[in-house]
Every structure is written in C-alpha cells, then in structure tokens.
There are 2 protein chains.
Amino acid sequence: MARRNDHSREELRQMALDAAQFIIEAQGLTALSARKVASRMGYTVGTLYRLFEHLDDLIVQVNARTLAELNATLERAAADCPDAERCVHAATHAYIDFASRHTRRWSALYEHGIEADIQLPRHFTEQIASMYDQVEALLQSVTPQRSAEDIARAARALWGGVQGICVLALSDKLDIDRIETLSEVADSLVGTYLAGLGARH
Amino acid sequence: MARRNDHSREELRQMALDAAQFIIEAQGLTALSARKVASRMGYTVGTLYRLFEHLDDLIVQVNARTLAELNATLERAAADCPDAERCVHAATHAYIDFASRHTRRWSALYEHGIEADIQLPRHFTEQIASMYDQVEALLQSVTPQRSAEDIARAARALWGGVQGICVLALSDKLDIDRIETLSEVADSLVGTYLAGLGARH
DNA sequence: TATTATTCTGAACATTGTTCAGTTGATTGC
DNA sequence: GCAATCAACTGAACAATGTTCAGAATAATA
C-alpha cells in the first residue's frame with residue numbers, strides 16, 4: 001500500500017489521469033470507475049476524491065489530454081505539404097487515423113457530457129479553440145481572399161463535418177457497406193467542400 | 001398495482017418505450033433507469049426484463065423510434081420546395097430544429113452504444129439507411145449526371161457533416177456563442193458542398 | 001373444482017459514485 | 001528524543017444502479 005507523501009499532489013493527479021486513460025483505452029468509457037482508477041494507481045477511492053471533485057472532472061481532463069495529443073498529431077500532419085489543399089486532406093487523414101487507432105479514447109470526447117448544467121473547463125475549450133485555429137489557418141491559405149468570419153464559419157463547418165463522419169462510421173451508423181471506406185467519404189466531403197469554397201466567391 | 005393481463009405484451013412494450021422516451025426527453029439518457037421506467041408504467045423491474053433483454057435493448061428501440069420520427073420530419077420538410085437545392089437546405093434546417101427541440105432524445109442517438117461487441121438491430125439500421133436514401137434522392141436531383149456510388153458517398157459525407165456540426169454545437173464544442181449561428185455554419189457546409197458538387201464534374 | 005401455466009413481484013447480489021469519521025504517518029516545537 | 005499538531009490516506013457506509021430468480025398471484029384448462 002502506498003505511503004504518505006510518496007508522491008506530490010501533481011504526481012498523483014498525473015497518475016490518476018494515466019490510470020483513467022489506460023482503462024478508457026482498454027475497455028471504454030463506460031467501464032471506467034473510481035475504484036478501478038484508484039486501485040490502478042495503488043490508492044483508494046478516498047484519495048481520488050481529494051484530487052478531483054467528481055469523476056466527471058477526471059474524465060474531462062483525460063479528454064483535454066486526448067484533445068491536446070490529437071492537436072499535436074494534426075499539426076505534424078499538416079506541417080509539410082506541397083500546398084494548403086493537400087494539407088487539409090493530410091490533416092483529415094491524420095484525424096481519421098487517430099480516431100481509428102484510439103477509438104475508445106477518442107469517442108470519449110463526445111460520448112461524455114451533454115449535461116448542460118456543468119460547463120466545460122477552460123483548458124478543454126482552449127484545446128477546442130486551438131483545433132479550429134489550425135483548420136482556419138489552412139483554409140486561410142486555400143482561399144486568402146475571404147473574410148475572417150467566413151473562414152471561422154468554414155473551419156467549423158468542415159471540421160464538424162469530418163468529426164461527424166467519424167462518429168457515425170466508428171459507431172456503425174454510416175451505413176457504409178455500399179461504400180468502400182471511411183476515408184473515401186471524408187475525401188468526398190473535404191474535396192467537394194474545398195471545391196465549393198473555390199467556386200463560390 | 002397492475003394486475004395480470006391488463007395489457008398485452010405489445011401494449012406493455014409500447015408503455016415501456018413511452019415511459020423511457022419521456023424520461024430521456026425530460027432528464028436525459030444518463031438519468032434513465034430500469035426502476036424509473038418500470039414505476040412510470042406501473043410495474044416492477046422484473047416485468048421490464050421480460051419485455052427487454054437488457055436496458056440497452058430498450059434504449060436502442062427508443063432510438064429507433066426517434067429516428068423514425070426524425071425521418072418523417074425530414075420527409076415533410078423536403079416535400080414541397082421550389083428546387084432540389086433548397087430542399088437540402090430545408091431538410092438541414094428541419095434536422096437542426098428537431099435536434100434543438102428534442103436535444104436530449106436526439107443526443108441519445110449517438111451518446112449511446114459504441115460497445116462494438118453488440119451490433120445494432122435491423123429495424124434501427126433500416127431507419128438509418130432510409131435516412132440516407134432521402135438525402136440521396138435529393139442529391140440525385142441536384143446533380144443528375146453523377147453515378148449512384150458518387151451520390152451514396154456524397155449523401156453520407158454531407159449528412160454526416162450536418163450531424164457532426166449539430167453534435168458539436170449542442171454539446172458546446174463548436175466554439176460558437178449562440179444557437180442562431182449553428183444554422184449559419186450548417187448553411188455554410190451545405191451551400192459550399194453543393195456548390196462544390198456543381199463545380200466538380 | 002383441481003391442476004397447470006403465466007404473469008408479476010420484490011428481495012437479493014454485485015457494482016456504481018460519493019462522503020467522512022477515524023487511523024497512520026510526517027512535521028513541528030520543545 | 002518526545003509530545004503535539006497536521007495532513008494524507010483508508011475503508012466502511014449510503015443510496016442508487018443493472019440484473020436475476022424463487023415464489024406469490026392470477027388466469028387458463030381439465
């Protein structure tokens with residue numbers, strides 16, 4: 001059993017996040033429980049509740065982590081492409097790849113929390129904002145003549161769309177038998193949307 | 001207390017679905033419980049478990065209902081428009097309207113079940129397919145020259161996109177302030193995508 | 001009316017989130 | 001080095017969850 005002060009508060013927090021992340025990745029969000037997290041970090045439930053107010057706090061912080069990792073992945077993917085349009089496609093494929101490889105952890109991002117009353121913490125919404133910033137930057141390059149509002153709207157439309165396709169595909173609700181792959185549907189969305197952006201000004 | 005054979009098995013099933021739907025609409029999917037459903041229909045848990053194998057069965061059947069209702073709504077919205085393109089916009093707005101008015105019930109559609117091992121029942125996937133059929137029919141009118149595969153892909157891309165935007169917006173992850181702007185983002189997606197379809201053949 | 005078949009109940013079990021009185025180990029003051 | 005103080009940590013307790021199933025209640029049948 002763990003002794004007192006073996007770890008600092010921040011270390012404990014990280015251990016809890018690691019444990020929770022592991023469980024979500026391995027068994028899915030619904031299999032997560034306070035006792036499992038605690039026991040995996042070598043402590044008891046009580047200790048966990050000194051680190052997080054509710055279990056929801058824990059989950060939302062794991063989600064913030066996931067989002068940060070996803071952001072970094074996208075940034076890398078969109079780093080060196082011949083042109084901006086191909087960057088968008090590269091980012092899209094990176095997104096799909098991430099969602100496929102870490103399906104459970106990724107799906108926790110939207111499976112969790114429509115509990116309207118509790119609002120998302122700042123560093124979570126910041127991650128979201130930074131994700132849209134990336135897409136905006138790419139779209140800015142694709143159509144430099146458009147206004148900032150147009151770009152903002154377009155980024156949310158396009159990226160919300162990519163996310164939506166992934167959600168449906170990975171929960172078997174895209175009726176995808178007649179279509180070859182998720183990638184193709186995503187390419188259709190991105191390619192056609194970008195073509196529309198070009199044709200429409 | 002309810003006596004035996006007051007209701008047929010099918011009546012009981014419907015009562016259970018009604019009760020569950022009511023609870024989800026009023027308090028959200030997470031607030032749903034077997035005992036609450038049972039007590040709302042004037043029976044006990046045991047009885048509920050003669051009607052449904054798991055609680056998940058119940059939920060998925062409520063979802064099928066919701067999807068049928070949504071389908072009907074879309075069909076009505078896309079019925080009489082001046083042209084096909086405006087039909088797509090009308091359907092999109094109808095979708096957003098439905099999702100806004102019945103947020104909790106609608107969000108149960110995707111909040112529930114990425115439990116990979118259990119697959120969705122037929123009459124649920126049928127509802128999904130029929131939804132895409134509608135969108136395909138509209139897109140067919142917009143660009144008659146395209147192949148069936150193209151149309152199928154486009155329908156999933158576009159409609160997955162619409163759904164994705166709604167999911168993010170109604171769970172505060174679209175980084176927008178008001179619900180009015182959700183419509184704007186959706187219009188951007190649909191308008192630009194359709195423009196792209198037109199420009200690209 | 002007696003027997004059989006079904007419906008329905010509700011107690012039981014394991015597991016969940018969450019709390020908190022009490023223990024145990026570290027820190028401080030002398 | 002010892003006593004007093006303080007914070008970390010435990011684990012029992014509570015209400016609520018999904019799920020099961022022996023038995024009570026009632027209908028159908030003979």
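Within every chain, numbering begins at 1; the chains are lettered A, B, ... in the order of the sequence lines, protein sequences first and strands thereafter.
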With side chain to side chain contact (heavy atoms under 4.5 Å, CB included) as the test, pick out the partner of B:Leu197 among B:Asp150, B:Ile151, B:Leu139.
B:Leu139
Restricting both atoms to N or O, compile the protein contacts to nucleotides 12-15 of chain D shorter than 3.5 Å, with distance only.
residue	atom	partner	partner atom	Å
D:dA13	N6	A:Arg35	NH2	3.2

Across the strands shown, which category fits A:Leu48 at heavy-atom distances under 4.0 angstrom: base, sugar-phosphate, nothing?
nothing
B:Phe52 has an atom CZ; how far is it from atom P of C:dC8, in whole Å?
14 Å
Using atom CD1 of B:Ile23 as one end and atom C1' of D:dT17 as the other, report the distance to the nearest whole Å.
14 Å
Return the nearest nucleotide to the side chain of B:Thr44; candidates are C:dT16, C:dG10, D:dA8.
C:dG10
What is the distance from NE2 of A:His54 to C1' of C:dT16, rounded to the nearest Å?
16 Å
Roughly, in whole Å, what's the span from OH in B:Tyr43 to P in D:dA25?
17 Å
Taking all heavy atoms of B:Arg86 and all of B:Pro82, pick out the closest pair and write down the distance.
NE-CG, 3.5 Å
Residue pair B:Glu136 / B:Gln140, side-chain donor-acceptor N/O under 3.5 Å
no
May I have the distance from A:Leu29 (atom CG) to C:dT16 (atom P), rounded to whole angstrom?
13 Å
Check each of B:Arg40, B:Arg65, B:Arg13 against B:Asp18 using the salt bridge (charged side-chain N to carboxylate O under 4.0 Å, His left out) test, and report the only one that passes.
B:Arg65
In this structure, CG of B:Leu58 is separated from CG of B:Asn63 (nearest 0.5 Å) by 10.5 Å
When the distance from CZ of B:Arg50 to P of C:dA5 is rounded to whole Å, what number comes out?
17 Å
Side chain of A:Leu55: nearest nucleotide among C:dC8, C:dT18, D:dT19?
C:dT18
Give a yes or no on whether the backbone of B:Gly46 and the side-chain of B:Arg50 come within a donor-acceptor separation of less than 3.5 Å.
no
Rounded distance in Å - NE2 (B:His7) to P (D:dA27)
14 Å
Taking atom types as modelled, is there a side-chain donor on A:Tyr110 or B:Ser107 under 3.5 Å from an acceptor on the other?
no
Rounded distance (Å) that lies between atom P of D:dG18 and atom NZ of B:Lys36:
9 Å
Look at all strands and tell whether A:Leu51 reaches a base, only sugar-phosphate, or nothing, counting heavy atoms closer than 4.0 Å.
nothing
Would you indicate what B:Leu32 reaches in the nucleic acid, counting non-hydrogen atoms under 4.0 angstrom: base, sugar-phosphate, or nothing?
sugar-phosphate
B:Thr47 has a side chain; which of D:dC9, D:dG18, C:dT9 sits nearest to it?
C:dT9
